[in-house]
**Q** 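This is the structure, below, for whatever I ask next.
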Amino acid sequence: MRWLILAAIYLVVDLYAYQALRVFTKNIWVAVIYFIISAIVIGNLFYQFNQPSPNDGFGGGRGYAIGIFLAFFVGKIVLSIVMLGEDIVRVPIAGIEKIFGSSESFDMPSRRKFISTIALGLAAIPFAGLLYGMYKGRYNFRVLKYTLYFEDLPDAFDGYRISQISDVHSGSFDNKNKIQYGVDLLKEQDSDMVVFTGDLVNNKASEMEDWKDLFSEVKARDGVFSILGNHDYGDYHNWESATAKTENLDKLKQTHAEMGWDLMLNENRFIEKGGQRIALVGVENWGAGGFKKAGDLEKAGEGVDENDFKILLSHDPSHWEQEVKKHPKKYHLTMSGHTHGMQFGIEIPGWFKWSPVQYRYKHWAGIYEEAGRYINVNRGFGFLAYPGRVGIWPEISVIELKKGSKPA
């Protein structure tokens, strides 16, 4: 039924969008080619989703089918919106002419080539952008650096640097050289600590088999620490038994250990330096709405003193909004991921930042601060479903902690 609904919506949008081309030519072969391409695009989407997927997810041919479908569909939606805008004007004009004019027939004003040209130009932007995001954007790794100031940071940690990656989603990868480049870029930051904030896989622990040797190259002086994200629990796969699901999670936990990553499951660690310490706290996934709420902040913070400087790893930023930022134990810095910045948006550093995901998540990319407590929402290292990124690039965050107040 869902496929039939999708096909019906696609057909309506397709027919309406075609009107923009029809203004320029009524050649039957143009129409034939147009609708053959449309049939191939949606037919391939149906076909790929009815084939076995290596990771029971969105990788391989299934991912590309999604990306190509989105490129055509979003472009045609833009065309349809412009055409609809023109019709909102044309229909009333025709009605006025019918009522007050001399003609007895109902004549619709012709579409204008100028409007259709504008529509095609606007539609080309998301179409080309989504194709570029698949070809280049998904591996267009960026290092984003932040400096955060805290009055109560222990002196020994002044200048302490933390690198963060999140949302690897290894089941979507298909280019080892590009991932090697991203890992090398992370290693080049030479931070005191590296943290990973969840979603190592799409569904299955086996997705990491081809990548764990590469990610095991990531080292740091004070260690590499990790947590689980919502996808790591295998909740989006139909397992043959509860035992198989449990074994998958156990295998994933073992993968963290094999890579030399210290996986924290509602636990904490103390990092000591010069006779002083900071607390690193890691919770399991806790997400608002229908997402898993395995995270237990009280358990994770056991043994951590109220006066300790605290850094929290929590996959979903909604956890910060609903539980963390007002917690009596002050968590100075929370590091999250999960949103991917929707892998689509517009960012002009220091000026403008927009993505559709902001209508779902209040904190969706970058640094946010309330009452001296900070959260960094990493845009993600990998990708899921749509095999690309447009405007929201894969990210390595580097946060430097500084003692004192923020400069004016």
**Q** Quick one: CH2 on W286 to NE2 on H319, what's the gap to the nearest 0.5 Å?
**A** 6.0 Å
**Q** Would W393 and F141 count as a close aromatic pair, with their ring centres under 6.0 Å?
**A**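 When the ring centroids of W393 and F141 are compared, they turn out to be at least 6.0 Å apart.
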**Q** Are Y146 and Y374 close enough that their ring centres sit under 6.0 Å apart?
**A** no
**Q** Ignoring hydrogens and angles, tell me if any N or O in the side chain of E258 forms a donor-acceptor pair with the backbone of K253 under 3.5 Å.
**A**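 No: the side chain of E258 does not pair with the backbone of K253.
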**Q** Aromatic rings H256 and F196: how do their planes relate, parallel, tilted or perpendicular, breaks at 30° and 60°?
**A** tilted
**Q** Under 3.5 Å, which donor-acceptor pairs do the side chains of residues 121-132 form with other protein atoms, sequence neighbours left out?
**A**
none

**Q** Do S116 side-chain atoms and K113 backbone N/O form a donor-acceptor pair below 3.5 Å?
**A** no
**Q** Using atom types as modelled and distance alone, determine if a side-chain donor or acceptor of N50 lies under 3.5 Å from a backbone N or O of Y47.
**A**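 Not confirmed, N50 side chain does not pair with Y47 backbone.
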**Q** Please verify the inter-ring angle class for F69 with F73; under 30° counts as parallel, over 60° as perpendicular, anything in between as tilted.
**A** parallel
**Q** Can you tell me if K293 uses its side chain to pair, donor with acceptor, with the backbone of G289 under 3.5 Å?
**A** yes
**Q** I need the minimum non-hydrogen distance between V201 and D232, along with the two atoms involved.
**A** N-OD1, 3.3 Å
**Q** Mind checking whether H338 and Y361 have ring centres under 6.0 Å apart?
**A**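 Between Y361 and H338, which both carry aromatic rings, the centre distance is below 6.0 Å.
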**Q** For Q189 and L185, which heavy atoms make the closest approach, and how far apart are they?
**A**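 Looking at all heavy atoms of both residues, the shortest contact is NE2-O, 2.8 Å.
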**Q** Distance-only, no hydrogens or angles: does the Q276 side chain make a donor-acceptor pair with backbone N or O of E272 under 3.5 Å?
**A** no
**Q** Tell me whether the NZ or CZ atom of R62 lies within the 45° cone about the ring axis of F49 and under 6.0 Å from its centre.
**A**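 Flagged: R62 positioned over aromatic ring of F49.
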**Q** Where the side chain of Y368 meets the backbone of W364, is there a donor-acceptor pair that is under 3.5 Å apart?
**A** yes
**Q** Provide the closest heavy-atom pair for F24 versus T117 in the form atom of the first, atom of the second, distance.
**A** CZ-OG1, 3.2 Å
**Q** Taking only residues two or more places apart in sequence, or in another chain, which ones meet D167 in a side-chain hydrogen bond (donor to acceptor under 3.5 Å, both in side chains)?
**A**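 By the side-chain hydrogen bond (donor to acceptor under 3.5 Å, both in side chains) rule, D167 matches H340.
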**Q** Please determine if R221 and D192 form a salt bridge, counting it only when a charged side-chain N lies under 4.0 Å from a carboxylate O.
**A**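 Looking at R221 and D192, the cut-off is met.
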**Q** Measure the NZ-CG distance between K204 and N202 for me, rounded to the nearest 0.5 Å.
**A** 11.0 Å
**Q** Check whether NZ of the Lys or CZ of the Arg K273 lies under 6.0 Å from the centre of the six-membered ring of Y160 and within 45 degrees of that ring's axis.
**A** no
**Q** Kindly determine whether H315 and T197 satisfy side-chain hydrogen bond (donor to acceptor under 3.5 Å, both in side chains), including the steps that lead there.
**A** CA-CA 5 Å; H315 178 68; T197 47; 5.4 Å; no
**Q** Okay, side chain of S355, backbone of G341: is any donor-acceptor separation there less than 3.5 Å?
**A** yes
**Q** Tell me whether the guanidinium CZ or amine NZ of K176 lies under 6.0 angstrom from the six-membered ring centre of W211 and within 45° of its axis.
**A** yes
**Q** Applying side-chain contact (heavy atoms from CB on, under 4.5 Å) to F344 and I392, what does each step give before you reach the verdict?
**A** CA-CA 5 Å; F344 176 85; I392 306 291; 5.6 Å; no
**Q** Dump the intermediate steps for side-chain hydrogen bond (donor to acceptor under 3.5 Å, both in side chains) on Q164 and S166, then the final yes or no.
**A** CA-CA 7 Å; Q164 177 194 6; S166 191; 5.0 Å; no
**Q** Looking at W3 versus F46, is the centre-to-centre ring distance below 6.0 Å?
**A** yes
**Q** Measuring from atom CG of D308 to atom CG of D305, what distance do you get when rounded to the nearest 0.5 angstrom?
**A** 5.0 Å
**Q** Determine, for E321 against K325, whether the closest basic-nitrogen to carboxylate-oxygen distance falls under 4.0 angstrom.
**A**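 So E321 pairs with K325 through a salt bridge.
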**Q** Donor-acceptor pair, distance only, cut-off 3.5 Å: does the side chain of Q343 make one with the backbone of G388?
**A**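 Flag set: sc Q343 to bb G388 pair under 3.5 Å.
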**Q** Under 3.5 Å, is there a donor-acceptor pair between the Y64 and D174 side chains?
**A** yes
**Q** Hey, is the main chain of G295 close enough, under 3.5 Å, to the side chain of E284 for a donor-acceptor pair?
**A**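 Checked: no pair found.
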**Q** Quick one: list whatever passes ring-ring contact (aromatic ring centres under 6.0 Å, His included) with F383, sequence neighbours left out.
**A**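 So F383 forms a ring-ring contact (aromatic ring centres under 6.0 Å, His included) with Y139.
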**Q** Does this structure show an ion pair linking E306 with K330, if we count only N-O contacts that are shorter than 4.0 Å?
**A** no
**Q** As a test of understanding, state which of F72, Y10, Y18, W29 forms a ring pair (Phe, Tyr, Trp, His ring centres under 6.0 Å) with F35.
**A**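 Answer to the ring pair (Phe, Tyr, Trp, His ring centres under 6.0 Å) test with F35 among F72, Y10, Y18, W29: Y18.
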**Q** Would you say the rings of H231 and Y236 are close, in the sense that their centroids are separated by under 6.0 Å?
**A**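 Close enough - the centres of the two rings lie under 6.0 Å apart.
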**Q** Using salt bridge (charged side-chain N to carboxylate O under 4.0 Å, His left out), reason through R379 and E347 one step at a time and then give a plain yes or no.
**A** CA-CA 12 Å; R379 294 159 180 81; E347 289 195 83; 2.9 Å; yes
**Q** I'd like to know if the side chain of K403 and the backbone of E151 have a donor-acceptor N/O pair within less than 3.5 Å.
**A**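 Flag set: sc K403 to bb E151 pair under 3.5 Å.
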**Q** With the threshold set at 4.0 Å, does a side-chain nitrogen-carboxylate oxygen contact exist between E267 and R269?
**A**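 Yes.
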**Q** Begin with the C-alpha distance, continue with both residues' side-chain angles, and end with the deciding distance and a verdict on side-chain hydrogen bond (donor to acceptor under 3.5 Å, both in side chains) for H363 and Q358.
**A** CA-CA 7 Å; H363 310 100; Q358 71 188 53; over 6 Å; no
**Q** Take N175 and Y181 through the test side-chain hydrogen bond (donor to acceptor under 3.5 Å, both in side chains) and record every step on the way to the result.
**A** CA-CA 10 Å; N175 190 321; Y181 169 75; over 6 Å; no
